[in-house]
Amino acid sequence: MSERQWRRANFRGADGARGLVPDACILLDEAGQRVAKVSFEADGPYAGKWRWIILVSPQGAPLGETGLSLTQDEAKALCERRVPDWTRARLPQGRRRPLW
């Protein structure tokens, strides 16, 4: 099995400033589209756990399934199982999914 494309999540502010989101990673398809995300819950009732979000179904349609894991590795593995490596996000031509 090939290495999946995980990278640090990033943002662009209203003022155009760019940066990296601490303790968050996104899984990309071959076209560089976001298909899953994991992030650390720093506070609230789920503090200390890792939230995983499946952004698209294996067929590429928007999904939004979410849950919690104890570790980042566990959350990433769950995302990789639910989003096969052949998944391609279906987005309008020339548009990329905004981070949030």
Side-chain angles (χ1 to χ4, degrees):
M1 182 175 188
S2 64
E3 184 71 21
R4 299 294 295 270
Q5 289 190 64
W6 283 99
R7 72 170 188 178
R8 298 261 316 268
N10 56 14
F11 70 89
R12 182 172 29 184
D15 60 357
R18 293 175 181 241
L20 295 174
V21 178
D23 296 324
C25 296
I26 53 175
L27 177 61
L28 305 175
D29 66 12
E30 284 186 356
Q33 299 294 316
R34 294 169 176 93
V35 294
K37 177 182 175 185
V38 299
S39 59
F40 184 72
E41 296 284 324
D43 51 4
Y46 304 114
K49 296 190 177 166
W50 286 84
R51 178 165 305 278
W52 52 265
I53 303 169
I54 308 298
L55 300 171
V56 298
S57 71
Q59 293 74 31
L63 188 59
E65 181 182 0
T66 187
L68 296 166
S69 294
L70 295 177
T71 67
Q72 182 183 33
D73 289 339
E74 183 181 303
K76 283 182 174 182
L78 190 141
C79 288
E80 290 180 7
R81 281 193 309 271
R82 293 183 185 227
V83 180
D85 59 0
W86 48 264
T87 299
R88 302 293 172 266
R90 290 192 320 233
L91 298 173
Q93 187 68 7
R95 293 192 54 200
R96 295 181 65 92
R97 179 190 308 277
L99 184 55
W100 295 127

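One-based numbering along the sequence shown. On a predicted model such as this, the values are computed, not experimentally measured, just so you know.
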Which residues pass the ring pair (Phe, Tyr, Trp, His ring centres under 6.0 Å) test with Trp52, sequence neighbours left out?
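Trp52: no ring pair (Phe, Tyr, Trp, His ring centres under 6.0 Å) contacts found.
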Listing request: all ring-ring contact (aromatic ring centres under 6.0 Å, His included) pairs with a residue in residues 17-36, at least two apart in sequence or in separate chains.
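As it turns out, there is no ring-ring contact (aromatic ring centres under 6.0 Å, His included) pair with a partner in residues 17-36 once direct neighbours are skipped.
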Least distance between heavy atoms, [X] atom then [Y] atom:
X	Y	answer
Asn10	Arg34	OD1-NH2, 3.1 Å
Ser57	Leu63	N-CB, 3.8 Å
Ser69	Ala75	OG-CA, 3.7 Å
Trp50	Thr71	CD1-C, 3.4 Å
Pro22	Arg8	CA-NH2, 4.2 Å
Ala47	Ala42	CB-O, 3.8 Å

The criterion is side chain to side chain contact (heavy atoms under 4.5 Å, CB included); which residues satisfy it with Thr87, sequence neighbours excluded?
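Applying side chain to side chain contact (heavy atoms under 4.5 Å, CB included) to Thr87 gives Val35, Val56, Pro58, Val83, Pro84.
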Could you grab the distance from atom [atom1] of [X] to atom [atom2] of [Y], nearest 0.5 Å is fine?
X	Y	atom1	atom2	value
Leu28	Trp6	CG	CH2	9.0 Å
Ile26	Ser39	CD1	OG	11.5 Å
Leu55	Lys37	CG	NZ	8.5 Å

Got a sec, which residues hit salt bridge (Lys or Arg N to Asp or Glu O under 4.0 Å) with Glu65, two or more places apart in sequence or on another chain?
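Residues passing salt bridge (Lys or Arg N to Asp or Glu O under 4.0 Å) with Glu65: Arg82.
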Are Cys79 and Val38 packed together at the side-chain level, in the sense that at least one heavy-atom pair is separated by less than 4.5 angstrom?
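Side-chain contact under 4.5 Å: yes.
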Would you say the side chain of Leu27 lies within less than 4.5 Å of the side chain of Lys76, judging by non-hydrogen atoms?
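Side chain of Lys76 against side chain of Leu27, heavy atoms only: no contact under 4.5 Å found.
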Residues that, via side-chain heavy atoms closer than 4.5 angstrom, fall in one hydrophobic cluster with Leu68
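Noted: Leu68 shares its cluster with Tyr46.
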Pairs touching residues 16-33 that satisfy salt bridge (Lys or Arg N to Asp or Glu O under 4.0 Å), sequence neighbours left out:
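Checked against salt bridge (Lys or Arg N to Asp or Glu O under 4.0 Å) - neighbours excluded - the pairs reaching residues 16-33 are Glu30-Arg88.
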Kindly state each residue pair satisfying salt bridge (Lys or Arg N to Asp or Glu O under 4.0 Å) with at least one member in residues 43-62, sequence neighbours excluded.
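For residues 43-62, and leaving out neighbouring residues, the salt bridge (Lys or Arg N to Asp or Glu O under 4.0 Å) pairs sorted by first residue read Glu41-Arg51.
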